Amino acid sequence: MYAEWGYNKLFERIDHEMDDETGHAHDFIRRILMLGGTPVAAPSEVNIGSDVVQMLKNDLKLELEVQANLKKGIVLCEKHQDYVTRQMLVEQLKDTEEDHAHWLEQQLNLIDHMGLKNYLQSQV
């Protein structure tokens, strides 16, 4: 939607995040297969939003949910002494906390400080 609306900077950033997430998914699928498991991918509810602010808020909410799930996964890996998978989860958690969620929080903060119109103009 960002590209369709002409907010190319937002589109480029979100597109980059999607590439990162796809890479993480492939890494975990390979790890599960190597461990003899069967990957199960169940899509979660999609909450797109109808405007930029709602879309950013929805993305941030999802990132915070991902963070909580990664932390649970880290604990589970420790319980089963799977330190390779644990490290993969730690790396993804760091990426999620320090990059993805942080960037979304910054964008919402910018909107609060500079106003939505100025923010959107900066994203063209």
Side-chain angles (χ1 to χ4, degrees):
M1 291 176 70
Y2 294 133
E4 182 64 30
W5 293 336
Y7 301 129
N8 296 323
K9 290 180 183 177
L10 278 172
F11 170 76
E12 288 171 10
R13 176 61 189 235
I14 297 301
D15 190 54
H16 168 75
E17 299 298 336
M18 287 298 299
D19 287 343
D20 282 353
E21 298 303 331
T22 301
H24 291 307
H26 288 157
D27 292 343
F28 284 109
I29 289 170
R30 283 192 294 274
R31 180 75 179 151
I32 291 166
L33 291 171
M34 192 214 60
L35 293 172
T38 302
V40 177
S44 59
E45 182 181 341
V46 177
N47 293 313
I48 296 171
S50 59
D51 58 53
V52 170
V53 173
Q54 194 58 53
M55 291 168 66
L56 292 170
K57 286 180 178 181
N58 289 348
D59 286 351
L60 179 57
K61 181 181 176 204
L62 179 60
E63 288 295 334
L64 297 176
E65 290 171 6
V66 167
Q67 285 178 18
N69 289 331
L70 289 168
K71 290 174 182 177
K72 289 176 188 175
I74 290 167
V75 170
L76 185 62
C77 287
E78 289 170 351
K79 178 181 172 186
H80 293 281
Q81 298 182 339
D82 179 358
Y83 299 108
V84 173
T85 306
R86 179 194 181 281
Q87 186 59 37
M88 292 172 65
L89 292 169
V90 167
E91 289 171 15
Q92 187 176 355
L93 179 62
K94 183 178 181 201
D95 189 39
T96 298
E97 287 180 339
E98 294 179 7
D99 185 29
H100 302 182
H102 179 70
W103 181 83
L104 290 163
E105 289 167 342
Q106 283 180 319
Q107 303 317 296
L108 292 167
N109 191 39
L110 284 170
I111 291 168
D112 286 343
H113 283 87
M114 65 193 308
L116 181 59
K117 288 183 181 184
N118 290 332
Y119 175 80
L120 293 176
Q121 185 177 6
S122 73
Q123 297 304 310
V124 175

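Remember, predicted model here, so these are calculated numbers, not experimental data.
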Note to self: Give me the atom names and distance for the closest heavy-atom approach of Ala101 to Glu63.
What the structure shows: CB-CB, 4.2 Å

Contacts table for residues 104-113: side-chain donor-acceptor under 3.5 angstrom, sequence neighbours left out:
| unit_1 | atom_1 | unit_2 | atom_2 | d |
| --- | --- | --- | --- | --- |
| Gln106 | NE2 | His102 | NE2 | 3.3 |
| Gln107 | OE1 | Tyr119 | OH | 2.8 |
| Gln107 | NE2 | Trp103 | O | 3.4 |
| Asn109 | OD1 | His113 | ND1 | 3.0 |
| His113 | ND1 | Asn109 | O | 2.8 |

Next item on the list: Before accepting this row, confirm whether a basic side-chain N of the pair Asp51/Lys57 lies closer than 4.0 Å to the acidic partner's carboxylate O.
Entry: no

Notebook entry, point to check: When you look at CD of Glu65, are more than 12 heavy atoms from neighbouring residues, nucleotides or ligands closer to it than 6.0 Å?
Noted result: yes

Check: Sequence neighbours excluded, which residues qualify as side-chain contact (heavy atoms from CB on, under 4.5 Å) partners of Asn69?
Finding: Lys72

Donor-acceptor pairs under 3.5 Å, side chain of residues 28-40 to any protein atom, not counting sequence neighbours: which ones?
| unit_1 | atom_1 | unit_2 | atom_2 | d |
| --- | --- | --- | --- | --- |
| Arg30 | NH2 | Asp27 | OD1 | 2.5 |
| Arg31 | NE | Thr85 | OG1 | 2.7 |
| Arg31 | NH2 | Asp82 | OD1 | 2.8 |

Margin query: Applying side chain to side chain donor-acceptor pair (under 3.5 Å), can you list everything that pairs with Glu21, at least two apart in sequence or on another chain?
Written below: His100

Notebook entry, point to check: Residues in side chain to side chain donor-acceptor pair (under 3.5 Å) with Gln54, at least two apart?
Noted result: Asn58

Item checked: Stepwise side-chain contact (heavy atoms from CB on, under 4.5 Å) test for Asp20 and His16 -> CA-CA 6 Å; Asp20 282 353; His16 168 75; 3.4 Å; yes

Next item on the list: Say whether Ile74 and Val84 are linked into one hydrophobic cluster, either directly or through other cluster members, by side-chain heavy-atom distances under 4.5 angstrom.
Entry: no

Check: Does the pair His24 and Asp95 meet the rule for a side-chain contact (heavy atoms from CB on, under 4.5 Å), with working shown?
Finding: CA-CA 10 Å; His24 291 307; Asp95 189 39; 3.3 Å; yes

Checklist line | Set of residues satisfying side-chain contact (heavy atoms from CB on, under 4.5 Å) with respect to Lys71, sequence neighbours excluded | finding: Leu93, Glu97

Item checked: Closest contact, heavy atoms only, Ser50 versus Trp5 -> O-CH2, 3.7 Å

Margin query: When you group the ILVMFWY residues by side-chain heavy-atom contacts below 4.5 Å and let the links chain together, are Met88 and Val90 in the same group?
Written below: yes

Checklist line | Test log, rule side-chain contact (heavy atoms from CB on, under 4.5 Å), inputs Glu12 and Asp15 | finding: CA-CA 5 Å; Glu12 288 171 10; Asp15 190 54; 5.7 Å; no

Next item on the list: Please name the pair of heavy atoms, one in Tyr2 and one in Phe11, separated by the smallest distance, quoted to 0.1 Å.
Entry: CB-N, 3.8 Å

Item checked: Validation row: Glu17, Asp99 side chains within 4.5 angstrom (heavy atoms) -> yes

Next item on the list: Give the cluster check for Tyr83 versus Leu76: same hydrophobic cluster or not, with ILVMFWY residues linked at side-chain heavy-atom distances below 4.5 Å.
Entry: no

Notebook entry, point to check: Are Ile48 and Leu62 co-members of a hydrophobic cluster defined by side-chain heavy atoms under 4.5 Å apart?
Noted result: no

Margin query: Is there a path of hydrophobic side-chain contacts, each under 4.5 Å between heavy atoms, that joins Met114 and Met55?
Written below: yes

Checklist line | Least distance between heavy atoms, Leu70 atom then Gln92 atom | finding: CD2-OE1, 3.8 Å

